[in-house]
Amino acid sequence: MTGFVDAADILKGRYEEGAAVKLRGWIYTSRSSGGIQFLELRDGSGVIQCTLNKRDVDEDTFNEVEKYPIETALELKGVVKRDERAPGGWELRVNGVGDVYVAKPDYPIVKKEQGIEFLMDNRHLYIREPKLQNIFQIRAKFLEAARCWFKDNGYTEVHTPMFMTASVEGGSTLFSVEYFDKKGVYLSQSWQLYAEALISSLGKIYTIAPSFRAEPSRTRRHLSEFLHMELEEPWTDLDGIMTTGDRLVSHIANVLGEEIPEKVRNAGGDPDYLAKLKPPFPRMSYDDAVETVQKQGVEMYWGDDFGWQQEGPLTEQFEKPTWIVGYPSGIKPFYHMPNPDRAEVTMSADLLAPAGYGEIIGGGQRVHDYEQLYQRTIDDGLDPSNYEWYMDLRKWGTVPHSGFGLGVERVLMWMLKLEHIRDTVPFPRDMRRVYP
RNA sequence: GCCUCGGUAGCUCAGUAGGUAGAGCCCCUGCCUGUUAAGCAGGUGGUCGGAAGUUCGAGUCUUCCCCGGGGCGCCA
């Protein structure tokens with residue numbers, strides 16, 4: 001059979017009642033009531049009920065179909081029918097069956113409550129669930145929207161190595177790799193050092209690539225491998241890069257809210273909020289943030305980073321994502337530029353999502369002066385000789401430049417109000433799980 | 001790394017005072033022409049996470065180990 005249609009298009013009413021169509025997919029659920037069978041067919045676009053009436057097909061076909069276990073893949077032809085009794089309001093009245101790929105009868109994922117451990121052990125099957133399918137489709141739209149924005153704003157996509165010899169974010173969270181006979185090779189934590197080299201070649205650039213962090217973190221917002229959307233641009237200061245972040249995040253939110261509101265709603269998000277999210281986002285100095293936290297009675301001292309205890313109360317009242325600007329030098333990596341008027345703080349900013357979803361962007365202005373960078377490296381306890389090529393960049397045509405990294409899964413989690421970051425990605429990697 | 005909860009049928013769980021293993025779902029068989037996690041009747045299915053110990057006897061008590069969930073610190 002050829003010329004198959006998508007279940008989603010039938011459910012959207014794109015076919016008139018009575019239209020003869022062909023569908024193919026996997027049996028998601030099946031129920032039978034003697035002379036009539038109900039199959040919910042899952043085809044990658046959605047799930048649609050297909051009814052088989054004994055009157056409409058020959059007896060052999062009817063009896064065969066009744067025996068098919070769930071997850072059997074098959075081709076169905078029939079007639080589109082509007083029916084309020086069907087989930088979604090539309091169904092296919094089947095009058096013929098094409099090729100069939102019969103499943104084994106013991107599919108482990110049951111339409112009942114199941115434990116997380118079991119579902120994670122069977123992740124390769126659980127990803128078929130419409131709930132996850134929907135999130136993955138939103139994720140794809142998210143990336144599409146971002147790339148579209150980058151293109152419209154003159155950014156070039158570029159990719160940097162995953163194998164690296166130097167730490168970007170601090171050595172304790174590096175994954176060590178066996179790299180032939182070489183020692184000291186690690187998986188990338190960030191593209192940043194390479195990005196700073198590439199801006200002198202390409203100008204405004206971005207990447208969408210995995211980053212790896214060996215943080216022994218067991219929380220609902222950590223992955224050891226996450227998708228990192230990073231951006232770097234020359235001739236730009238801290239203020240400029242925050243404005244860029246505002247526009248990028250707003251654009252992605254708007255696209256999701258306006259173009260696929262139903263999917264967003266089904267996942268648990270609020271499409272109206274996303275559609276209306278507009279720049280600029282509020283900016284709060286680190287000093288004021290500390291004071292705010294202290295006023296709420298939570299223990300914190302100037303110079304500390306925000307832990308969960310501090311961040312929750314701080315972001316609870318936020319309507320929009322909010323920038324925390326000017327972190328102390330002591331809690332930011334060496335490449336952050338010190339504030340010329342106030343050496344104890346950096347020209348850095350993190351974007352915190354509302355409602356305790358945590359940090360979704362981290363970035364700022366980089367040190368572009370050679371001497372200053374050299375000193376910062378030493379102050380940070382690092383060996384400058386490990387960063388020779390990176391220092392080199394400051395010798396020839398160094399200009400003020402800034403960038404940031406956005407955690408795709410974190411942003412998705414916030415936008416869809418998900419309980420756990422694991423559901424933003426098909427096969428999540430955390431400290432306890434690398435299988436399947 | 002630390003805190004905390006858990007591991008009994010394929011899945012979700014119950015298991016009283018230590019006395020020899022249960023339910024629902026899944027699956028199989030039969031019935032049912034509008035089901036929505038369908039319903040009704042019957043049936044299959046177990047090294048109680050592992051090892052050692054106490055005991056006449058351990059799913060249950062003790063010790064050690066393994067695996068997992070949630071959280072903290074840290075981070076995007």
Side-chain angles (χ1 to χ4, degrees), chain A residues 28-40 47-56 62 66-67 69-71 81 83-89 91 93 103-122 125-126 168-170 172-173 189-192 209-230 245 249 304-312 321 327 331-333 350-353 357-363 404-414 419-422 424 430-433 435:
Chain A
Y28 180 55
T29 67
S30 65
R31 289 176 284 274
S32 122
S33 182
I36 185 163
Q37 293 177 52
F38 303 91
L39 307 179
E40 285 185 71
V47 179
I48 188 165
Q49 175 165 290
C50 303
T51 61
L52 243 86
N53 196 304
K54 212 164 197 165
R55 289 193 303 254
D56 297 336
F62 189 86
E66 189 157 26
K67 284 185 204 145
I70 58 168
E71 294 306 316
K81 197 82 183 166
D83 194 319
E84 289 309 320
R85 293 169 297 187
E91 66 179 18
R93 299 279 171 86
K104 296 269 191 284
D106 47 359
Y107 187 67
I109 312 280
V110 173
K111 273 55 174 187
K112 278 265 187 182
E113 198 183 330
Q114 285 179 300
I116 287 158
E117 182 181 359
F118 177 78
L119 292 177
M120 290 309 291
D121 285 342
N122 289 280
L125 303 174
Y126 189 52
V168 181
E169 300 290 332
S172 62
T173 68
Q189 299 165 306
S190 165
W191 84 324
Q192 185 184 322
S211 277
F212 306 88
R213 305 266 170 103
E215 291 157 8
S217 305
R218 294 174 25 70
T219 81
R220 62 182 64 186
R221 55 198 183 279
H222 277 88
L223 295 169
S224 49
E225 174 180 346
F226 67 96
L227 196 64
H228 215 171
M229 182 180 291
E230 298 184 270
V249 172
D304 291 347
D305 207 344
F306 298 97
W308 202 242
Q309 307 246 307
Q310 290 80 32
E311 212 169 275
Y327 284 81
I331 55 173
K332 285 288 172 188
D350 287 357
L351 188 63
L352 304 187
Y357 278 94
E359 192 181 331
I360 51 176
I361 287 183
F404 63 70
L406 173 153
V408 171
E409 289 85 2
R410 283 267 180 94
V411 178
L412 267 173
M413 195 186 164
W414 159 60
E419 286 285 307
H420 203 294
I421 199 166
R422 66 163 74 95
T424 60
D430 62 37
M431 67 179 291
R432 292 206 182 171
R433 194 172 281 283
Y435 177 93

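Sequence lines set the chain letters: A, B, ... in the order given, protein chains first and strands last, and positions in each chain run from 1.
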Self-check item: B:rC13 versus B:rA17 - spacing of their C1' atoms, nearest Å
Solution: 23 Å

Quiz item: Any salt bridge between A:Arg85 and A:Asp83, counting N to O under 4.0 Å?
Solution: yes

Quiz prompt | Closest listed nucleotide, where the reference is the side chain of A:Arg93 and the choices are B:rC74, B:rG34, B:rA76 | solution = B:rG34

Practice problem: Search all heavy atoms of A:Ile331 against all heavy atoms of A:Asp304 and return the closest pair with its distance. | Solution: CD1-O, 3.7 Å

Quiz prompt | Closest-nucleotide ordering on RNA chain B, the 5'-leading residue of A:Arg422 and A:Pro69 | solution = A:Pro69

Exercise. Go ahead and name the base partner of B:rG53; Watson-Crick or wobble counts if both distances stay under 3.5 Å, otherwise write none.
Key: B:rC61

Self-check item: Whole-Å distance separating the CG atom of A:Asn122 from the C1' atom of B:rG68
Solution: 14 Å

Quiz item: Could you give the CZ-to-C1' distance, from A:Arg432 to B:rG6, as a whole number of Å?
Solution: 12 Å

Exercise. Decide yes or no, distance alone: a donor-acceptor N/O pair under 3.5 angstrom between the base of B:rG6 and the side-chain of A:Glu117.
Key: no

Quiz prompt | Candidate nucleotides B:rU33, B:rG69, B:rU12, ranked by approach to the side chain of A:Ser33 - the nearest | solution = B:rU33

Practice problem: Could you please spell out the steps behind the side chain to side chain contact (heavy atoms under 4.5 Å, CB included) verdict for A:Val249 and A:Trp414? | Solution: CA-CA 12 Å; A:Val249 172; A:Trp414 159 60; 4.2 Å; yes

Self-check item: Mate of B:rU20 where both pairing distances stay under 3.5 Å, Watson-Crick or G-U
Solution: none

Quiz prompt | Atom-pair distance (CD1 on A:Ile331; P on B:rC75), nearest Å | solution = 8 Å

Practice problem: Could you check how far CD of A:Glu71 sits from P of B:rC27, rounded to whole Å? | Solution: 12 Å

Quiz item: So which one's nearest nucleotide on RNA chain B is more toward 5', A:Ile116 or A:His228?
Solution: A:Ile116

Practice problem: Between B:rU33, B:rA76, B:rC28, spot the one nearest the side chain of A:Leu223, thanks. | Solution: B:rA76

Quiz item: At under 4.0 Å between heavy atoms, what does A:Asp83 touch on the DNA or RNA strands: base, sugar-phosphate, or nothing?
Solution: base

Self-check item: Any side-chain donor near an acceptor of the partner, A:Glu215 and A:Ser224, under 3.5 Å
Solution: no

Quiz item: With sugar-phosphate meaning primed atoms plus P, OP1 and OP2, does A:Asn53 contact a base, only sugar-phosphate, or nothing at under 4.0 Å between heavy atoms?
Solution: base

Quiz item: Within less than 4.0 Å of OP1 or OP2 of B:rG69, is there a side-chain N or O belonging to A:Arg218?
Solution: yes

Practice problem: Quick one: label A:Glu91 by what it contacts on the DNA or RNA (base, sugar-phosphate, nothing), any heavy atom closer than 4.0 Å. | Solution: base

Quiz prompt | B:rG45 and B:rG39, which share atom name C1', separated by this distance in whole Å | solution = 24 Å

Self-check item: Side chains of A:Ser30 and A:Glu40, donor plus acceptor under 3.5 Å
Solution: no

Quiz prompt | Proximal nucleotide (of B:rA76, B:rC75, B:rC28) relative to the A:Pro105 side chain | solution = B:rC28

Practice problem: When you get a sec, tell me which of B:rG34, B:rU12, B:rG73 is the closest nucleotide to the side chain of A:Thr219? | Solution: B:rG73

Practice problem: Provide the distance between the two C1' atoms, one in B:rU20 and one in B:rU47, to the nearest whole Å. | Solution: 15 Å

Practice problem: With heavy atoms under 4.0 Å as the rule, sort A:Ser211 into base, sugar-phosphate or nothing. | Solution: nothing

Quiz item: Rounding to the closest angstrom, what is the interatomic distance between B:rU44 and B:rG34 at atom P?
Solution: 32 Å

Exercise. Could you work out the separation of B:rC61 and B:rG73 based on their C1' atoms and round it to a whole Å?
Key: 36 Å

Quiz prompt | Closest to side chain of A:Lys111, choosing from B:rC74, B:rU35, B:rA37 | solution = B:rA37

Quiz item: Which whole number of Å gives the distance between the P atom of B:rC74 and that of B:rU60?
Solution: 41 Å

Exercise. Assess whether one donor atom and one acceptor atom, taken from the side chain of A:Ser217 and the base of B:rC75, lie less than 3.5 Å apart.
Key: no

Quiz item: Which base sits across from B:rG42 as a Watson-Crick or G-U pair, both distances under 3.5 Å?
Solution: B:rC28

Exercise. Would you mind reporting whether A:Tyr28 and A:Ile70 have side-chain heavy atoms less than 4.5 Å apart?
Key: no

Exercise. With P as the reference atom in both, quote the distance from B:rG57 to B:rG15 in angstrom, rounded to an integer.
Key: 26 Å

Quiz item: Among B:rG70, B:rC75, B:rC26, which is the nearest nucleotide to the side chain of A:His420?
Solution: B:rG70

Quiz item: Closest to the A:Arg213 side chain: B:rC74, B:rG34, B:rA76?
Solution: B:rA76

Quiz item: Yes or no on salt bridge (Lys or Arg N to Asp or Glu O under 4.0 Å) for A:Arg220 and A:Glu419, after CA distance, side-chain angles and deciding distance?
Solution: CA-CA 7 Å; A:Arg220 62 182 64 186; A:Glu419 286 285 307; 3.7 Å; yes

Quiz item: Which part of the nucleic acid does A:Leu406 contact within heavy-atom distance under 4.0 Å: base, sugar-phosphate only, or nothing?
Solution: nothing

Exercise. Just call it for A:Glu409: base, sugar-phosphate, or nothing, with non-hydrogen atoms closer than 4.0 Å on any strand.
Key: nothing

Exercise. With the side chain of A:Pro216 defined as its heavy atoms from C-beta on, choose the nearest nucleotide among B:rG73, B:rA76, B:rC11.
Key: B:rG73

Quiz prompt | Rounded interatomic separation in angstrom, taking CE from A:Met431 and P from B:rC75 | solution = 16 Å

Quiz item: Would you say A:Thr51 and A:Gln37 make side-chain contact, with heavy atoms under 4.5 Å?
Solution: no

Quiz item: How far, in whole Å, is B:rG42 from B:rC25 if one measures between their P atoms?
Solution: 12 Å

Self-check item: Any donor-acceptor N/O pair under 3.5 Å between B:rU35 base and A:Gln49 side chain
Solution: yes

Quiz item: Quick one: is B:rA76 close enough that its OP1 or OP2 comes under 4.0 Å of any side-chain N or O from A:Arg220?
Solution: no

Quiz item: Quick one: which of B:rA76, B:rG34, B:rC11 gets closest to the side chain of A:Phe38?
Solution: B:rG34

Quiz prompt | Gap between atoms NZ and P, on A:Lys67 and B:rC27 respectively (whole Å) | solution = 16 Å

Self-check item: Test item: A:Arg218 and A:Met431 side chains (from C-beta on) under 4.5 Å apart, heavy atoms
Solution: yes

Practice problem: Describe the nucleic acid contact of A:Phe226 in one word from base, sugar-phosphate, nothing, applying a heavy-atom distance below 4.0 Å. | Solution: base

Practice problem: Could you please name the partner base of B:rC2, counting Watson-Crick and G-U wobble pairs only when both distances are under 3.5 Å? | Solution: B:rG71

Quiz item: In whole angstroms, how far is the C1' atom of B:rA76 from the CD atom of A:Gln192?
Solution: 13 Å

Quiz item: Which base, if any, makes a Watson-Crick or G-U wobble pair with B:rA76, both distances under 3.5 Å?
Solution: none

Quiz prompt | Spacing of A:Gln189 atom CD relative to B:rC74 atom P, expressed in whole Å | solution = 17 Å

